[in-house]
Amino acid sequence: VSEDSIHAPILPYLLHRVDGVHDYKVDDIALKLPAFDEIRQQFNLNIHQTNALGHVAAWHVQPTMNPVCLVHGPFGTGKSQLLVSMLHLIMKLRETKGGLSNARVLVCSHTNIAVDRVCIGLLESKMDAFLRVGPVRKIHHSLLGNTLHASDSKSHANALSELKDMVKNATGEVLEKLQIEIAAIEKGADRKRKKNLKTCPVIGVTCVSTA
């Protein structure tokens, strides 16, 4: 544990978590934030998902709200869909006055698959204001248009060399996506994404690649 992490503002909430205590009501949040009601209907959230979304929405109107929202459940219970809905809500609220004004979000997990699942959910729900950072080879091909290459590999230090190497064994839709991305990189897309990294509202990355 580093010296900085010992004094991290979020640490007390993790060490002294209290279950089952909410200082907000979902219906009250819906009245104060029309965007909350819009998102929960758009994603057809169940009561448990709605409560979790309400916790995030409460961050916007209640500065003292517990900053930790822990969601757990087995595979197939809609956790990724819930994360996507939360991101949509935060993006709507970041444009208004409140605790989430100008908020930026780091979508982070131990595996590329988990990060990709959320980012693909964003694309499928018509939201592309994000960057997926990491080695191009490990990222799902559908996300290439939103990818910023970052790798420790000396042989593939830049996106173009990695993509051209991937083309050798690619076929079908994957090959098409790679060719489109190569053309975009050659026109300067990579430079624009690096510049956009400083302000992009949502960044998807694995824990290892955050450095």
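Taking the six-membered ring for Trp, Phe43 and His88 have ring centres closer than 6.0 Å.
Leu163 is listed as a side-chain neighbour of Ile185, based on a closest heavy-atom distance under 4.5 Å. Inter-residue side-chain proximity for Ser101 and Arg94 is flagged as unmet; no heavy-atom pair is nearer than 4.5 Å. Here the side chains of Arg40 and Val26 are in contact, with some heavy-atom distance below 4.5 Å. Put simply, the side chain of Leu148 reaches to within 4.5 Å of the side chain of Asp190, judged on heavy atoms. The shortest distance between side-chain heavy atoms of Ile180 and Glu176 falls below 4.5 Å. Side-chain contact check for Thr111 versus Thr206: every heavy-atom pair is 4.5 Å or farther apart. Leu178 places a side-chain heavy atom less than 4.5 Å from the side chain of Val174. The closest side-chain heavy-atom distance from Met91 to Val105 is below 4.5 Å.
Other residues, nucleotides and ligands contribute more than 12 heavy atoms inside 6.0 Å of the CG atom of Leu31. Environment of NZ in Lys79: crowded, with over 12 heavy atoms of neighbouring residues, nucleotides or ligands closer than 6.0 Å.
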Exercise. Carefully, step by step, assess Asn158 and Glu162 under the rule side chain to side chain donor-acceptor pair (under 3.5 Å).
Key: CA-CA 7 Å; Asn158 60 72; Glu162 179 100 15; over 6 Å; no
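A ring pair (Phe, Tyr, Trp, His ring centres under 6.0 Å) check over residues 93-140, counting only residues at least two apart or in different chains, returns nothing.
With Trp59 contributing its side chain and Gly98 its backbone, the two residues share no donor-acceptor pair below 3.5 Å. For the pair His55 (side chain) and Val68 (backbone), a donor-acceptor distance under 3.5 Å is present. Looking only at distances, a side-chain donor or acceptor of Thr50 sits under 3.5 Å from a matching main-chain atom of Asn46. Side-chain atoms of Thr210 come within 3.5 Å of backbone atoms of Cys207 as a donor-acceptor pair (strictly under, hydrogens ignored). Between the Arg132 side chain and the Val115 main chain, no donor and acceptor come within less than 3.5 Å of each other. Side-chain N or O atoms of His141 include none that pairs as donor or acceptor with a backbone N or O of Lys177 at under 3.5 Å.
The minimum heavy-atom distance linking Gln49 with Asn44 is given by the pair OE1-O, 4.4 Å. For the pair Val84 and Ser125, the tightest heavy-atom approach, listed with the atom from each and the gap, is CG1-OG, 3.6 Å. Between Val71 and Ala52, the closest heavy-atom pair is CG2-CB, 4.0 Å. Shown here for Lys138 and Asn112, the closest heavy-atom pair between the two residues is O-CB, 3.5 Å. Annotation for Ala30 and Asp37: closest pair CB-OD1, 4.2 Å, computed over non-hydrogen atoms. For the pair Cys119 and Gly204, the tightest heavy-atom approach, listed with the atom from each and the gap, is SG-CA, 4.3 Å.
Hydrophobic cluster membership is shared by Val167 and Val136, with clusters built from Ile, Leu, Val, Met, Phe, Trp and Tyr side chains linked at under 4.5 angstrom. At a threshold of 4.5 Å between side-chain heavy atoms, the hydrophobic network of Ile, Leu, Val, Met, Phe, Trp and Tyr places Leu106 and Leu87 in two separate groups. Cluster membership for Ile203 and Ile120, using ILVMFWY side-chain heavy atoms within less than 4.5 angstrom, is not shared. A single hydrophobic cluster is not seen to contain both Val107 and Val205; linkage of ILVMFWY side chains at heavy-atom distances under 4.5 Å, directly or through other members, places them apart.
We find the CG-OG distance between Leu123 and Ser142 to be 6.5 Å, quoted to the nearest 0.5 Å.
Here the options are Asn146, Leu131, Val133, the test is side-chain contact (heavy atoms from CB on, under 4.5 Å), and the partner is Cys200; only Leu131 passes. Partner of Val202 under the side-chain contact (heavy atoms from CB on, under 4.5 Å) criterion, out of Ile90, Leu122, Val118: Leu122 alone.
Taking a 4.5 Å side-chain heavy-atom cut-off between Ile, Leu, Val, Met, Phe, Trp and Tyr, the cluster of Ile47 contains only that residue.
Not counting sequence neighbours, Arg117 has no partner by the side-chain hydrogen bond (donor to acceptor under 3.5 Å, both in side chains) test.
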